[in-house]
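Only one structure is covered here, and it is reproduced in the block below.
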Number of protein chains: 2
Amino acid sequence: MTLLSRKADYALLILSYLHQNTGGGNARTVADKFGLSPSFVANILKELAHHGFVAGHRGVKGGYALARPADTITLAELLESIESGFRLTMCNPSLPDQHHEQCSLAGACTLKGPLTVVHNRLLEVLRAVTLAELFDPNGSLSQPSALLSLSLLPATTTTTCRSEPATVTQA
Amino acid sequence: MTLLSRKADYALLILSYLHQNTGGGNARTVADKFGLSPSFVANILKELAHHGFVAGHRGVKGGYALARPADTITLAELLESIESGFRLTMCNPSLPDQHHEQCSLAGACTLKGPLTVVHNRLLEVLRAVTLAELFDPNGSLSQPSALLSLSLLPATTTTTCRSEPATVTQA
DNA sequence: CGAAATAGCACTTGTCAGATACGATTACCA
DNA sequence: TGGTAATCGTATCTGACAAGTGCTATTTCG
């Protein structure tokens, strides 16, 4: 289970680029920078523009730039836009009827309330993180030591996200 | 974006049934109860048994029962088993190489650290919820009002990660 | 021995993310 | 005023994986 789709992942990457290069950039520049397909990057930028996160300017010297300061955009907001809403379970709204009916179990599903609470807790975490924090190499999110020491009790998989230069073919 | 797959969703439902009926039950009984396909329920139970959450007993009077008390199982543990691990982004381990290479960006991806912090925060939330709490109709998770009012603060570095037994009981 | 249940595979189906392509539109510049 | 380069909008294809089904082996009880 992956929380961020690759699209959202790349969206973050692209936004961080636009954040650092205040002059902005066009799709091809960004694609080149990250070694991605220009069409793919263009698509993500289009979607970001459609949701008002970046502003696109057409024409020869056109390109994209952040439409809002990064510290006014929360991770929750971005995900709710890029992904189609953040749901915990399927049995919320707008579902094909048969599933809804199965889940509601004649209205006796005792899980909905508690799961909604959990959902809101997760949302809080995402709401508490702005893109500015995420992009700031000296921000509170970049000194995980204190937080990690708190959270690494039974220590599951992830821990570190392989920040090494990646043993891939590269050279 | 849906956090719980339908399988995980039904797994919770089935576990809650086994939690309430301490005598346990067989796949067909559970399927009948929830109006699901017996094969489907059997499959989920098999997987739950494989991960040690329920114990299966074969034979004519066989069936399934919880193998561990519900208050020793956290939502995080269940999800990590049922779903294939809980990741925030794709750029962790075990990826097709080309994606990995793209993500590593010659090792200059500044997002990894901060995203790992966010990931751990989310994990904290899931770790703080036990199945017993989730299944208890009178538990703290069934009175969302107080919790919501608590958690709606900007909460940047406060966090402190609710590692407490969710005793945030509305005072 | 036979019925009933789990255990373990193998398989089909359906959906959606991932990714691409192309025409329309807009803006700059000569 | 026409050409070029860029975004915009949409339509489409594809592959991976979740969702769901079925069958056979094994175990247990009567």
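Numbers restart at 1 for each chain; the letters A, B, ... are given by sequence-line order, proteins then strands.
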How many whole angstroms separate atom [atom1] of [X] from atom [atom2] of [N]?
| X | N | atom1 | atom2 | result |
| --- | --- | --- | --- | --- |
| A:Asn43 | C:dT20 | CG | P | 10 Å |
| B:Arg58 | D:dT24 | CZ | P | 17 Å |
| A:Asp9 | C:dA19 | CG | C1' | 16 Å |
| A:Leu48 | D:dT7 | CG | P | 13 Å |

_Looking at A:Tyr10, I'd like to know whether one of its side-chain N or O atoms comes within less than 4.0 Å of OP1 or OP2 on C:dA17._
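Answer no for this pair, as no side-chain N or O of A:Tyr10 is under 4.0 Å from OP1 or OP2.
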
_Counting only side-chain nitrogens and oxygens, does B:Ser37 get under 4.0 Å of the OP1 or OP2 atom of D:dT21?_
yes

_So that I can tick it off, tell me whether A:Arg121 and A:Glu124 are bridged by a salt bridge, with the cut-off set at under 4.0 angstrom between side-chain N and carboxylate O._
no

Measuring from the side chain of [X] (C-beta onward, heavy atoms only), which nucleotide among [options] has the closest atom?
| X | options | answer |
| --- | --- | --- |
| A:Lys46 | C:dG8, C:dA21, C:dT20 | C:dA21 |
| B:Asn26 | D:dT7, D:dT28, C:dA5 | C:dA5 |
| A:Arg28 | D:dA6, C:dA7, C:dT20 | D:dA6 |
| A:Arg6 | C:dA7, D:dA19, C:dA19 | C:dA19 |
| B:Phe40 | C:dT6, D:dT21, C:dA27 | D:dT21 |

_I'd like to know if B:Lys61 reaches the base of D:dG30 with its side chain, counting only an N/O donor and acceptor under 3.5 Å._
no

_Suppose we call a contact any N or O donor and acceptor under 3.5 Å apart; does that hold for the side chain of A:Lys7 and the base of C:dG18?_
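Check fails, no donor-acceptor contact within cut-off.
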
*Is it the case that B:Asp32 and B:Thr29 place a side-chain donor and acceptor less than 3.5 Å from each other?*
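Distance-only check fails for B:Asp32 and B:Thr29.
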
*Using heavy atoms to find the nearest nucleotide of DNA chain C for A:Ala8 and B:Ala42 separately, return the residue whose nucleotide is more 5′.*
B:Ala42

_Ring centroids only, cut at 6.0 angstrom: are B:Tyr10 and B:Phe40 within range, meaning strictly under it?_
yes

*asked:* So does B:Ser5 get a backbone contact from the side chain of B:Asp9, meaning a donor-acceptor N/O pair under 3.5 Å?
replied: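 No: the side chain of B:Asp9 does not pair with the backbone of B:Ser5.
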
